[in-house]
S.K.: 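Structure incoming, see below.
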Amino acid sequence: MLSHLNRQVSKTAAHCVRGWDFLRHRGPGQIQFWFIALLVGVASGFAAIGFRFAIEGLQTWAYGTEDPNTLHSFAETLHWGWVLTIPALGGMVVGLILYLFTTDGRVRSVSDVIEGAAINDGRVDNKAGLASAVCSWITLSTGGSTGREGPVVHIAAMISTWVANVLRVDGITGRDLLGCAVAAAVSASFNAPIAGALFALEVVLRHFAVHAFAPIVVASAAGTVINRLTFGDVTEFVLPGTSVVEFYLELPAFFILGLLSGLVAVIFMQAIFWADDWETRLQNRLGLPYWLRPAVAGLLLGGMAIFYPHIIGVGYETTSLALTGELVLHEAIVFAVLKTAAVAITMAGRMGGGVFSPSLMVGALTGLAFGLIATGLFPEHSGAFTLYALAGMGAVAAAVLGAPISTTLIVFELTGDWQTGLAVMVSVSMSTAVSSRLVARSFFLTQLERRKVHLAAGPQAYLLAMFRVQGVMRKPTDEGAADEEACLTMIEQGLYVQASATLETALPRFDKSGVAFLPVVRLEGEAGTPVLQGALFHVDALKAYNRALAATAEEEHS
């Protein structure tokens with residue numbers, strides 16, 4: 001009996017070893033992948049909840065408040081010296097961490113996850129990502145005016161990257177795992193399973209392939225279950241009763257609100273980019289070390305918070321006040337302007353965090369201000385003015401994220417109000433139509449464009465940057481290599497391309513010169529003398545590009 005049991009244990013162990021070897025070297029099958037998606041979703045969901053508790057714990061320790069959700073109310077009772085110094089000290093710690101653990105002093109967030117999905121086989125940099133997670137945790141805990149959703153998405157991406165590397169999966173599977181992790185993290189953060197799944201598809205993967213949908217839904221459901229087991233089946237915001245739209249007379253007002261919200265979203269995004277450029281120029285002019293940059297930003301935030309504590313933290317308390325109509329007109333306008341400035345200072349100061357929660361707050365305040373004016377002018381044709389706050393919240397956030405579908409759904413799931421769908425959809429559609437023509441489709445894609453990563457235009461733009469010339473060129477010893485004397489003559493004429501360049505650089509040179517091939521060189525010495533390495537043929541470059549386009553189209557339509 002014992003020997004039979006030993007044989008069974010040995011057989012089971014052998015099957016497990018063979019199964020593990022199969023997963024690592026040949027990738028998971030469909031059913032196995034769903035189980036892996038579930039595990040990734042559970043891990044990402046717990047990571048999102050753990051990050052939230054970590055923020056609340058450190059925030060409670062730093063400020064002494066018993067309820068982190070009412071931070072700004074509690075900050076009003078503190079001595080101004082604490083309000084001033086806590087964000088500055090948090091910024092100092094963030095700067096030191098970035099100095100020690102990153103090469104560029106930049107906190108990673110959603111834009112890096114999108115870049116990883118597009119051009120890095122669904123992987124992100126885990127070393128810089130861990131440092132960024134700690135920086136965002138400290139920033140959000142010490143009054144930084146950003147949101148926790150961006151860091152949570154990147155933490156989930158690090159989990160999927162680790163799993164993808166362990167299993168050695170290909171790019172398609174790596175991207176699917178990334179989508180599963182992001183969906184679970186968003187769902188766990190907001191108790192929003194539908195929006196979590198669609199956010200992963202719409203914002204991160206940027207396609208709605210059928211093969212990715214099922215595992216992403218499985219992971220999103222896992223994240224939602226974790227949230228509900230922790231907090232119960234409750235919504236993030238509670239609205240005062242049922243909102244009613246006075247059809248059809250009131251709908252044009254939501255079209256106008258959408259246009260206004262799109263412009264507000266553009267101002268919100270451009271303020272961040274302008275502040276980043278201005279702080280960079282000032283830092284270079286003064287010779288300020290970049291590890292001091294977050295501390296200076298924290299000091300500025302603290303100075304603003306002495307007079308307006310509403311700007312610090314995630315801002316859900318002020319958002320709730322806007323949605324319930326507990327702010328007057330001038331408060332809504334002033335808080336929206338100051339929150340935009342505070343977010344710009346925090347993000348430009350490289351302190352960490354995301355933009356989703358701040359955009360919800362700015363949108364709710366914008367909608368409330370518009371609603372107060374609109375219902376005051378036409379009271380007999382208006383519903384509740386708080387409905388405008390809800391529509392504005394969705395409209396500004398959708399324009400900032402470049403995600404009208406998932407943002408519309410997440411607003412419904414955050415509030416539990418599904419009766420006002422038409423008003424929100426109208427505002428969201430108009431705001432995204434306006435903002436997408438003034439920026440590169442979203443805040444994240446505009447961030448990438450500023451780093452010369454061209455994802456907004458689609459695969460036809462960014463795929464060329466994925467191919468190095470040296471990987472496509474023909475070496476002098478290869479069959480069909482270019483004539484060496486012809487290559488040397490072209491080099492003397494300055495007609496060549498460096499081996500380290502990409503097809504994004506090389507293909508325009510073919511168009512301008514009209515030649516069939518370009519010599520590939522490596523520059524040596526201080527004088528940069530070109531040394532022949534091979535030749536890049538126009539036909540080879542086009543073949544590589546076409547294969548990449550075909551593979552992308554196959555993935556997106558599978």
Side-chain angles (χ1 to χ4, degrees), residues 62 75 80-112 125 127-147 150-151 154 266-309 311-313 337-355 358 362 439-440 443-444 446-453:
W80 67 268
W82 288 112
V83 178
L84 177 67
T85 56
I86 290 174
L89 291 174
M92 178 69 74
V93 176
V94 166
L96 292 174
I97 293 172
L98 292 175
Y99 176 75
L100 293 173
F101 296 102
T102 66
T103 57
D104 54 6
R106 182 177 60 81
V107 175
R108 272 57 177 173
S109 192
V110 178
S111 59
D112 300 277
D125 182 355
K127 180 182 176 182
L130 286 171
S132 298
V134 175
C135 290
S136 296
W137 169 52
I138 295 171
T139 296
L140 290 163
S141 303
T142 56
S145 191
T146 52
H154 199 276
V266 171
I267 293 171
F268 178 85
M269 291 183 276
Q270 294 293 2
I272 296 173
F273 299 136
W274 178 85
D276 187 79
D277 292 338
W278 184 82
E279 288 192 32
T280 299
R281 288 194 297 269
L282 184 63
Q283 178 183 349
N284 294 335
R285 189 178 304 162
L286 298 178
L288 191 72
Y290 73 75
W291 57 267
L292 271 179
R293 184 166 174 168
V296 174
L299 191 64
L300 292 173
L301 280 176
M304 293 176 65
I306 292 173
F307 306 99
Y308 296 96
I311 66 165
I312 61 175
V337 173
L338 291 175
K339 185 64 175 180
T340 299
V343 174
I345 290 171
T346 306
M347 299 294 288
R350 313 287 170 86
M351 294 184 72
V355 296
V362 172
V439 296
F443 174 79
F444 309 123
T446 305
Q447 271 188 319
L448 292 171
E449 285 291 328
R450 286 163 56 86
R451 298 180 210 154
K452 309 302 181 186
V453 181

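On a predicted model such as this, the values are computed, not experimentally measured, just so you know.
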S.K.: I want to check something: taking the side chain as every heavy atom from C-beta on, are H154 and V110 in contact at a cut-off of under 4.5 Å?
M.R.: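 Sidechains of V110 and H154: no contact.
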S.K.: How far apart are the closest heavy atoms of A440 and E449, and which atoms are they?
M.R.: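 Distance-wise, the nearest heavy atoms are CB-CG, 3.8 Å.
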S.K.: If you apply the rule side chain to side chain contact (heavy atoms under 4.5 Å, CB included), what do you find for L140 with T146, and how did you get there?
M.R.: CA-CA 7 Å; L140 290 163; T146 52; 3.4 Å; yes
S.K.: How about F273: does its CZ atom have over 12 heavy atoms from other parts shown lying under 6.0 Å from it?
M.R.: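 Buried by this count: over 12 neighbours within 6.0 Å.
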S.K.: Any heavy-atom pair between the side chains of V107 and M347 that's under 4.5 Å?
M.R.: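 M347 vs V107: side chains apart.
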S.K.: Which distance, rounded to the nearest 0.5 Å, do you find between the OG1 of T340 and the CD1 of I345?
M.R.: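 Here the interatomic distance stands at 11.0 Å.
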S.K.: Return the minimal non-hydrogen interatomic distance between G354 and P151, and the atom names on each side.
M.R.: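 Where G354 meets P151 most closely, the heavy atoms are N-CD, 3.7 Å.
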S.K.: Please confirm whether the ring centroid of F268 lies under 6.0 Å from the ring centroid of F443.
M.R.: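 Judged by ring-centre distance (under 6.0 Å), F268 and F443 do not meet the cut-off.
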S.K.: Looking at every non-hydrogen atom in both residues, tell me the closest pair between P87 and L301 and how far apart they are.
M.R.: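 Scanning both residues, the minimum pair turns out to be CB-CB, 4.5 Å.
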S.K.: Answer yes when D104 and R106 have at least one side-chain N-carboxylate O distance shorter than 4.0 Å, and no when they do not.
M.R.: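 Counted as a salt bridge, because a side-chain N and a carboxylate O are separated by less than 4.0 Å.
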S.K.: Can you name the closest pair of heavy atoms from A128 and R108 and give their distance?
M.R.: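 Heavy-atom minimum between the residues: CB-NE, 3.7 Å.
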S.K.: If you define the side chain from C-beta out and look only at heavy atoms, does anything of V94 sit under 4.5 Å from T142?
M.R.: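 Side-chain contact under 4.5 Å: no.
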S.K.: Could you check whether any side-chain heavy atom of I311 comes within less than 4.5 Å of a side-chain heavy atom of V343, counting everything from C-beta outward?
M.R.: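 Heavy-atom side-chain distance check fails, nothing below 4.5 Å.
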S.K.: Side chain to side chain contact (heavy atoms under 4.5 Å, CB included) for D276 and R450? Distances and angles first, verdict last.
M.R.: CA-CA 11 Å; D276 187 79; R450 286 163 56 86; 3.5 Å; yes
S.K.: So which atom in S109 and which in G353 form the shortest heavy-atom distance, rounded to 0.1 Å?
M.R.: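 Minimum heavy-atom separation between S109 and G353: OG-O, 3.9 Å.
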S.K.: My understanding is that only residues two or more places apart in sequence, or in another chain, count here; which of them pass side-chain hydrogen bond (donor to acceptor under 3.5 Å, both in side chains) with Q283?
M.R.: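 Applying side-chain hydrogen bond (donor to acceptor under 3.5 Å, both in side chains) to Q283 gives R293.
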S.K.: To the nearest 0.5 Å, what is the distance between CZ (R285) and OG1 (T280)?
M.R.: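 OG1 of T280 is found 11.5 Å from CZ of R285.
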S.K.: How many angstroms lie between CD1 in I138 and CG in L89, if you round to the nearest 0.5 Å?
M.R.: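 Rounded to the nearest 0.5 Å, the CD1-CG separation comes out at 11.5 Å.
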S.K.: Would you check if there is a donor-acceptor pair between the side chains of R451 and S111 at a distance under 3.5 Å?
M.R.: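 Their side chains do contain a donor-acceptor pair, which is all the 3.5 Å distance test asks for.
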S.K.: Backbone N or O of M351 within a donor-acceptor pair of the T346 side chain at under 3.5 Å?
M.R.: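 Such a contact is absent between T346 side chain and M351 backbone.
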S.K.: Quick check for you: to the nearest 0.5 Å, what is the distance between I97 atom CD1 and T139 atom OG1?
M.R.: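 Between I97 CD1 and T139 OG1, I get 8.5 Å after rounding to 0.5 Å.
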S.K.: If only atom types and distance count, is the side chain of S136 paired as donor or acceptor with the main-chain N or O of G352 below 3.5 Å?
M.R.: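 It does not hold such a pair.
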S.K.: Over all heavy atoms of both residues, which pair between P294 and G91 is shortest? Give the atoms and the distance, please.
M.R.: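 For P294 and G91, the tightest heavy-atom pair comes out as CB-O, 3.2 Å.
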S.K.: Rounded at 0.5 Å granularity, tell me how far CG in L300 sits from CG in L84.
M.R.: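 Rounded to the nearest 0.5 Å, the CG-CG separation comes out at 9.5 Å.
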S.K.: Under the 3.5 angstrom rule, does the side chain of D277 hit a backbone N or O of W274 as a donor-acceptor pair?
M.R.: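 Looks like no, no N/O pair under 3.5 Å.
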S.K.: Starting at CE of M304, measure out to CD1 of I306 and round the result to the nearest 0.5 Å.
M.R.: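 That separation rounds to 11.5 Å.
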S.K.: With a cut-off of 6.0 Å (strictly less than), are more than 12 heavy atoms of other residues, nucleotides or ligands near CE of M92?
M.R.: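 No, the 6.0 Å shell around CE holds no more than 12 heavy atoms from other groups.
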S.K.: More than 12 non-hydrogen atoms from neighbouring residues, nucleotides or ligands closer than 6.0 Å to OH on Y290, yes or no?
M.R.: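 Enclosed.
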S.K.: Quick one: does I312's side chain get under 4.5 Å of V83's, heavy atoms only?
M.R.: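 Sidechains of V83 and I312: no contact.
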